[in-house]
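To start, the structure under review is shown below, and the notes come after it.
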Amino acid sequence: MESLRSGYLFPEISKRELEHTRKHPHAKLIRLGVGDTTQPIPDIITSAMAKQVYALSTVQGYRGYGAEQGNLELRMAIAERFYKGMGVKGDEVFVSDGAQCDISRLQMLLGSNVTVAVQDPSFPAYVDSSVIVGQSGKLNEETGKYSKIVYMNCEPENNFFPDLSRTPRTDIIFFCSPNNPTGSAASRQQLKQLVDFAKANGSIIIYDSAYSAYISDNSPRSIFEIPGANEVAIEVSSFSKFAGFTGVRLGWTVVPEELRYSNGHPVMKDFDRIVCTCFNGASNIAQAGGLACLSPDGFQAVSCVVNHYKENAKILAETFDSIGLKVYGGKNSPYVWVHFPGSSSLNVFNEILERTHIVTIPGKGFGPAGEEYIRLSAFGHRECILEAASRLQNFYK
């Protein structure tokens, strides 16, 4: 714990928001920082959750503990909706209270003796959970890197995909696509390289597909679209960003039966043991909402919300492009990644906050390669996005 940085990135941003609000009590603050959804959950989904709630007040409808692995009907629906034709079975799907929680459960499974590689920049929970478990070594204050973590550089020069020919072998590879924060989605060819690399090195890929619903091109939405991935990968995903469940809390992890340790023991059996020991199962109410999301009408309804956020991302990307700054993301992702050459990302964050009353995220919070960048979230109401675009254009004109 002593090796952790002062605080987890997103609560630190929230503290700065609060300080700014106290300093400027009459300013209309626009929050484009923490990636929290803002659009209402479609009625077809909340109605299903409400029905489940009311059923709890009846003898016939009351339910207590559910299976730790999740409602079997929901597990089957997830496999059918997201992994059809990929060889993923319902009993390989573990329903949870969110992808970030599952990352920590996986870290408990993996233990402190494994070696870890992460994209740089990447979602900070991968590194911070590695530190907490004891995989990381000491922090180098000058470089911002931990001594035992391999940082796979992902910048525009390499199309945000690491040079695997120069990447040392590690036991675990954390990989997120579309990437948070850069918004880059790995191509089929790139993911094939990653799977082949993991096979050659006996590594396990922890693949985060939380933003797959935002993919607009032909990029794979799951690592299991790649032949052989079932032998080397675990996939973590979530209802948070495609269904607005950030506060409801529902996610899942796929651990294929084919994934084995070097001694032939199935990884799935050990993860099942971790789940049964450390988790009492996702809320029955949340799971009822998850099932409604995956119905034909429910999925169409949440897809409309996703399209709303994608249009927001397009507006933000076009705004910075008109200013003359290099913009990444915003096409396959709800995040816009903006380059400010030669600038400190924290200074840019502070300047935008002070001068425009817009909250962003300094790129350095996602890793050393995030310096000179800021991330903006498209999870906002349309009028706030348009107002933010106007303020930014006026500030940088």
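Computed from a prediction, not measured in an experiment: that's the story for all the values here. Along the sequence shown, residues carry numbers from 1. Hydrogens, waters and symmetry mates play no part in the numbers below; they use all other heavy atoms, side chains included.
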Determine whether more than 12 heavy atoms belonging to other residues, nucleotides or ligands lie under 6.0 Å from atom CG of Asn113. no

Do Lys148 and Thr115 touch side chain to side chain, with heavy atoms closer than 4.5 Å? no

Short side-chain to backbone donor-acceptor contact, Asp97 and Ala282, under 3.5 Å: no

Checking Ser184 now: which residues fulfil side-chain hydrogen bond (donor to acceptor under 3.5 Å, both in side chains) with it, not counting sequence neighbours? none

Electrostatic pair Glu19:Arg16 at N-O distance under 4.0 angstrom: no

Is the closest side-chain heavy-atom distance between Phe10 and Pro124 below 4.5 Å? yes

Tyr328 and Tyr373 aromatic ring geometry - parallel, tilted or perpendicular at 30°/60° bounds: tilted

Donor-acceptor pair, Ser130 side chain versus Tyr126 backbone, under 3.5 Å? yes

Anything under 30° is parallel, anything over 60° is perpendicular, the rest tilted; go ahead and classify Phe366 against Trp337. perpendicular

Hey, does the side chain of Arg375 reach the backbone of Pro181 with a donor-acceptor pair shorter than 3.5 angstrom? no

Tell me, please, which residues at least two apart from Tyr214 pass side-chain hydrogen bond (donor to acceptor under 3.5 Å, both in side chains). none

For a 4.5 angstrom cut-off between non-hydrogen side-chain atoms, does Thr253 reach Val275? no

Neighbour count >12 (heavy atoms, 6.0 Å) for atom CZ, Arg355: no

Can you tell me if Glu383 has over 12 outside heavy atoms packed within less than 6.0 Å of its CD? yes

Establish, for the pair Arg105 and Phe271, whether the NZ or CZ atom is under 6.0 angstrom from the six-membered ring centre and no further than 45 degrees off its axis. no

